[in-house]
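The next block holds one structure in the form of structure tokens; read it before the comments.
Just follow the structure's listing: the first ligand is 1, and inside any ligand the first atom is 1. For reference, positions follow the sequence shown, starting with 1.
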Amino acid sequence: MKKKLLVSIFLFGILLSVSSCYSTDYNVDSNNSPSVIILDRNVHGNVIKNTYINKYMPKTNFNRNLMNKLKKGSVVYRFGNGSGKKVLICAGMHGNEPQGPLAVLKFMSFLKGKHINGTIYIIPFAIPRTTGLNTRNYRGYDPNRKVSVKGSPANKILKFALANDIDYIMDIHAANGVESSGLIFYRNQFEKSWASYVKKRAKCNIRFQRTPGSLRMAASSKKINTITIEVNRKYSSNKAIYTELRMIKYSSQYLGLLKI
Ligand SMILES: [Zn+2]
């Protein structure tokens, strides 16, 4: 009798471990293998030439693979199955703000193993060319002031967002004079409540701002609620990257995409 009981417990244990294996595999396959496309071939570049990127970017196989893709153009990763709320996270619009892309790369590795309630599109380097050169301007103009110019990098990102029914955008930047705990720009009432949620948790500041020609303002006027997330670019350490990452995580949590 005792032997039978032991055999049953043993079999039950096997059954449990098999079923948990399957559920883990299912999660990984359905939510955590991002698909990737090339978005804009005009802006291709070698981002590793940026000494800050080279110093702080973890040299994982995933990142090495990404670096090679960026030599062909900017890329968009998609996490999740394409349904539910659709969110676009964009970093690297200004090539001399490497804190943003580095934070987004950390966020992407954070997403692995997480259940995503919706779909997250990520552009880690909007203009690889200027990141490689560590310059703000692209072909002599500020790319985040020319969103309405057809064929400009920001214009292509806006068109991508509209074509893919994106509901929300987080545009990730760094700037001089930003408070050490970070800053979020908003314009409308929804964006303000989104930013306020993050402020309460990440202890960052929030500010109303109109920036004509920016991705945020253009997307917001097309009914895609958008916030700009900023850190101080004078910090050349992991501090700025983790400050940015924290704000991205709370911004995602507010939208119900995941629990952090
Ligand atoms: Zn910027």
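The backbone N or O of K203 sits less than 3.5 Å from a side-chain atom of S181, completing a donor-acceptor pair.
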Item checked: side chain to side chain donor-acceptor pair (under 3.5 Å) between K192 and N188, intermediate numbers included -> CA-CA 6 Å; K192 186 180 182 184; N188 66 35; over 6 Å; no
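Summarising the local packing, NZ of K259 is surrounded by 12 or fewer heavy atoms from other residues, nucleotides or ligands at distances under 6.0 Å.
Distances from the Zn ion (ligand 1) show that E97 has an N/O/S atom below 2.8 Å.
Minimum-distance N/O/S atom of H173 relative to the Zn ion (ligand 1): ND1. For H94, the N, O or S atom closest to the Zn ion (ligand 1) goes by the atom name ND1.
H44 and R129 get closest at one heavy-atom pair: O-CB, 3.3 Å.
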